[in-house]
Amino acid sequence: MLKEAYDFRDESEALYTLIEPLGDADYDRVTLFRDWTINDVLQHLHFFNYVADLTLTDEEEFKRVYGKLGELRDKSGSLVDATDKMLDGLKGIALRDAWRDYYLEMADRFHAADPKQRLLWVGPSMSARSSISARLMETWSHAQEIYDLLGVERENTDLIKSIAVMGMNTFGWTFINRKEDVPEPVPCVRLTAPSGEIWEWNAENETDLVQGDAAEFCQVVTQTRNIADTKLKVRGDIAIRWMSIAQCFAGPPRNPPAPGTRHA
């Protein structure tokens with residue numbers, strides 16, 4: 001049984017609760033994330049939930065669907081436009097409801113899956129646990145631009161630990177993805193969870209340290225905030241460099257938002 005599947009469901013439900021009162025016109029409002037609208041965000045989440053689910057249920061269909069997305073993206077030069085075409089222009093309240101219906105069913109399927117089952121993905125294969133944790137991470141991170149747009153202060157729970165773990169596990173990936181040598185040792189990371197619990201990794205490293213609020217750490221590794229816009233304490237050259245480029249998601253290297261550009 002995969003606990004992370006229901007963490008994904010619960011985080012999706014939190015976003016659903018946030019947007020449920022919105023009318024169709026509100027979904028065209030523009031966020032601070034690359035000028036994506038709420039429609040763009042929900043289309044992205046819904047489509048990639050679907051293809052992640054296909055890796056669990058139908059690998060051949062996953063290859064076909066993802067290949068078609070790639071063709072459309074190459075033709076238009078826009079992932080947003082390609083995703084819109086793949087979803088036949090589904091938007092607004094109808095999109096919201098389709099997204100919710102799907103993630104509720106998907107969460108049950110992943111909950112019943114073997115956590116160690118290897119699944120295809122756009123890069124290296126991953127375990128079912130890692131796959132659904134990635135969907136949790138993506139849902140949580142993309143929800144932030146909607147919370148910011150609506151001016152709502154987010155109430156996090158300890159389910160974000162999966163995102164913090166992903167941030168730790170992608171320390172080396174952050175540098176490899178930029179064709180840089182992976183520095184050693186990995187910094188000590190000491191975070192205060194929403195519950196007040198302390199989460200700590202690599203306590204033996206007394207030179208490099210990242211310390212502070214767990215949600216802010218998750219914001220940095222998912223690139224929803226610049227490290228300068230948090231209260232995280234960072235010490236040591238390795239920790240400073242890591243927090244300036246941290247990237248826990250797949251794809252080409254991306255720079256975090258400039259200081260002050262992502263905010264409520």
Exercise for the section: Check whether any side-chain heavy atom of Q223 lies under 4.5 Å from a side-chain heavy atom of F249, and answer yes or no. Expected result: yes

Practice task
Output the distance between atom OG1 (T170) and atom CG (N177), rounded to the nearest 0.5 Å.
Solution key: 10.0 Å

Handout entry: Gap separating the CG atom of D97 from the CG atom of L42, nearest 0.5 angstrom
Key = 10.5 Å

Handout entry: Contact check, side chains of Y50 and M86, non-hydrogen atoms, under 4.5 Å
Key = no

Practice task
Begin from the C-alpha positions of V186 and W201 and carry the test side-chain contact (heavy atoms from CB on, under 4.5 Å) through to its verdict.
Solution key: CA-CA 9 Å; V186 180; W201 295 266; over 6 Å; no

Fill in the blank from the handout: Residue pairs passing the ring pair (Phe, Tyr, Trp, His ring centres under 6.0 Å) test with at least one member in residues 4-32, sequence neighbours excluded, are Y6-H111

Handout entry: Heavy-atom side-chain proximity of S133 to M166 below 4.5 angstrom
Key = yes

Practice task
Look at the side chain of R178 and the backbone N and O of R254, then say whether any donor-acceptor pair between them is shorter than 3.5 Å.
Solution key: yes

Exercise for the section: Check whether any side-chain heavy atom of E105 sits under 4.5 Å from a side-chain heavy atom of R109, and report yes or no. Expected result: yes

Practice task
If a pair satisfies salt bridge (Lys or Arg N to Asp or Glu O under 4.0 Å) and one of its residues is in residues 148-172, list it, with sequence neighbours excluded.
Solution key: E11-R154, D148-R225

Exercise for the section: Return yes if a side-chain donor-acceptor contact under 3.5 Å exists between N226 and R262, otherwise no. Expected result: no

Practice task
Would you give the length of the straight line joining atom CG of N169 to atom OG1 of T174, rounded to the nearest 0.5 angstrom?
Solution key: 11.0 Å

Problem - Any donor-acceptor N/O pair, R129 side chain to L2 backbone, under 3.5 Å - result: no

Handout entry: Flag side-chain contact, heavy atom, 4.5 Å: L72 against D81
Key = no

Problem - Other residues, nucleotides, ligands: >12 heavy atoms within 6.0 Å of D74 CG - result: yes

Problem - Stepwise side-chain contact (heavy atoms from CB on, under 4.5 Å) test for T37 and D40 - result: CA-CA 5 Å; T37 65; D40 296 334; 3.2 Å; yes

Fill in the blank from the handout: Between E200 and C188 the two heavy atoms that sit nearest each other are OE2-SG, 4.0 Å

Problem - R118 and S127: CA distance, side-chain angles, deciding distance, side-chain contact (heavy atoms from CB on, under 4.5 Å) verdict - result: CA-CA 5 Å; R118 301 305 296 181; S127 68; 3.9 Å; yes

Fill in the blank from the handout: Output for pair (H46 NE2, L87 CG), nearest 0.5 Å, gives 5.5 Å

Problem - Joint cluster assignment, F47 & L104, ILVMFWY side-chain distance < 4.5 Å - result: yes

Handout entry: Partners meeting ring pair (Phe, Tyr, Trp, His ring centres under 6.0 Å) with W121 (sequence neighbours left out)
Key = F62

Practice task
Evaluate the side-chain proximity of I160 to P194: yes if any heavy-atom separation is below 4.5 Å, no if none is.
Solution key: yes

Exercise for the section: Heavy atoms only: give me the nearest I38-D26 pair and the separation to one decimal. Expected result: CD1-O, 3.6 Å

Handout entry: From CD (E4) to CD1 (I163), nearest 0.5 Å
Key = 11.5 Å

Handout entry: Pair K91 + D24, salt bridge at N-O below 4.0 Å
Key = no

Practice task
Spell out, yes or no, whether L15 and I93 are grouped together once hydrophobic residues are joined by side-chain heavy atoms under 4.5 Å, including indirect joins.
Solution key: yes

Practice task
Calculate, to the nearest 0.5 Å, the distance between atoms OG1 and CD belonging to T230 and E216 respectively.
Solution key: 4.5 Å

Practice task
Examine Y147 and L32 and state if one hydrophobic cluster contains both, with Ile, Leu, Val, Met, Phe, Trp and Tyr joined whenever side-chain heavy atoms are less than 4.5 Å apart.
Solution key: no

Problem - Backbone of L149 reached by a side-chain donor or acceptor of T31 within 3.5 Å - result: no

Problem - Donor-acceptor under 3.5 Å (Q43 side chain, L90 main chain) - result: yes

Practice task
May I ask whether V182 and I238 are part of the same hydrophobic cluster, defined by side-chain heavy atoms of I, L, V, M, F, W, Y residues being less than 4.5 angstrom apart, directly or through others?
Solution key: yes

Practice task
Taking all heavy atoms of A82 and all of R73, pick out the closest pair and write down the distance.
Solution key: CB-N, 3.5 Å

Fill in the blank from the handout: Nearest heavy-atom approach of N202 to P187 is ND2-O, 3.0 Å

Problem - Listed partners of K3 passing salt bridge (charged side-chain N to carboxylate O under 4.0 Å, His left out), at least two apart - result: D7

Problem - Closest heavy-atom pair and its distance - L209, Q211 - result: CD2-OE1, 3.4 Å

Handout entry: Side-chain heavy-atom pair I198, T192 within 4.5 angstrom cut-off
Key = yes

Problem - Heavy-atom donor-acceptor pair, D229 side chain to P259 backbone, under 3.5 Å - result: no

Problem - Atom CG of D10 with >12 non-hydrogen neighbours under 6.0 angstrom - result: yes

Exercise for the section: Indicate, with yes or no, if F217 and I240 share a hydrophobic cluster defined by side-chain heavy-atom contacts under 4.5 Å among Ile, Leu, Val, Met, Phe, Trp and Tyr. Expected result: yes

Fill in the blank from the handout: So the ring pair (Phe, Tyr, Trp, His ring centres under 6.0 Å) pairs with at least one residue in residues 173-197 (sequence neighbours excluded) are F171-F175

Problem - Minimum heavy-atom distance between L150 and L18, given as atom pair plus value - result: CD1-CG, 3.9 Å

Practice task
Name all residues meeting the ring pair (Phe, Tyr, Trp, His ring centres under 6.0 Å) criterion together with W99; count only those two or more places apart in sequence or in a different chain, and write none if there are none.
Solution key: Y103

Practice task
Walk me through it: do R9 and M106 pass the test side-chain contact (heavy atoms from CB on, under 4.5 Å)?
Solution key: CA-CA 9 Å; R9 177 200 63 192; M106 174 183 172; over 6 Å; no

Practice task
Taking R135 for its side chain and A5 for its backbone only, find out whether a donor-acceptor pair lies under 3.5 Å.
Solution key: no

Practice task
Would you check if L45 and E138 make a side-chain contact, meaning some heavy-atom pair closer than 4.5 Å?
Solution key: yes

